[in-house]
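In what follows, a single structure is set out as structure tokens and then discussed.
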Amino acid sequence: MSAMMQTPQASLAPMVLSDLDAVLCIEQQACHFPWSRGNFIDSITSGYLCQVYRSDEGILGYFILMMAADEAHLLNIVVAPTHQGKKLGAHLLHQAMMMAQDAGGRILLLEVRPSNAAALALYRRVGFRQIGVRRNYYRDTDGSEDAVVMSRALEKIRLSEQCG
């Protein structure tokens, strides 16, 4: 499968229930309003494309993709705080795009906080464009924050394409 990534140090693999303690630890460290264990269990049991990036150090990051017809929706993508700034997020995003394309996706949708400048810059750099705003989508310490809705066509994703 072209979306499977292997390096001497790490590999991308399906997320399983036994990964959830490590995934939740990363989620709680990296996100102000983290997903719950139930959110992850629902994603796994619903058949979403749930992937972890695992090395000898443990899980370094993960993503959750939901497929619907020819659309993919990136529901969650997180890199462990200790591994941020090393282009791992770009690498995971590229793998998610390839996996979505391999599953028949022609477009990838996602939501991102407007305050997440690093993620917005990455998404724009790899060809995502804003298609809308979801008002009060995210919980925030002051109540709520909007979500920028972005999309990108997947027809031209290649293994050699770089995301960062």
Identify the heavy atoms of [X] and [Y] that sit nearest to each other, and give their distance.
X      : Y      : result
Ser46  : Asp42  : OG-O, 2.7 Å
Ala100 : Leu154 : CB-CD1, 3.7 Å
Asp19  : Pro14  : OD2-O, 3.9 Å

Basic-acidic side-chain contact under 4.0 Å: Arg113, Asp146: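 The answer is no: the pair does not qualify as a salt bridge.
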query: Do other residues, nucleotides or ligands put more than 12 heavy atoms under 6.0 Å from the CZ atom of Arg106?
result: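 12 or below, so no.
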Ring pair (Phe, Tyr, Trp, His ring centres under 6.0 Å) between Phe40 and Tyr48, intermediate numbers included: CA-CA 10 Å; Phe40 286 102; Tyr48 297 169; over 10 Å; no
Has the side chain of [X] got a donor or acceptor atom that lies under 3.5 Å from a matching backbone atom of [Y]?
X      : Y      : result
Arg152 : Val126 : yes
Asn39  : Ser36  : yes
Gln51  : Ala96  : no

Listed pairs under 3.5 Å, donor-acceptor, residues 64-81 side chains, sequence neighbours left out:
residue: His73; atom: NE2; partner: Glu111; partner atom: OE1; Å: 2.8
residue: His73; atom: NE2; partner: Glu111; partner atom: OE2; Å: 3.1
residue: Asn76; atom: ND2; partner: Glu27; partner atom: OE1; Å: 3.4

query: In a check of side chain to side chain contact (heavy atoms under 4.5 Å, CB included) between Phe128 and each of Val112, Val149, Leu110, Val148, which one passes?
result: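 The residue from Val112, Val149, Leu110, Val148 that satisfies side chain to side chain contact (heavy atoms under 4.5 Å, CB included) with Phe128 turns out to be Leu110.
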Any side-chain heavy-atom pair of Met150 and Leu120 under 4.5 Å: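 The answer is yes, as the side chains (C-beta and beyond) meet within the 4.5 Å cut-off.
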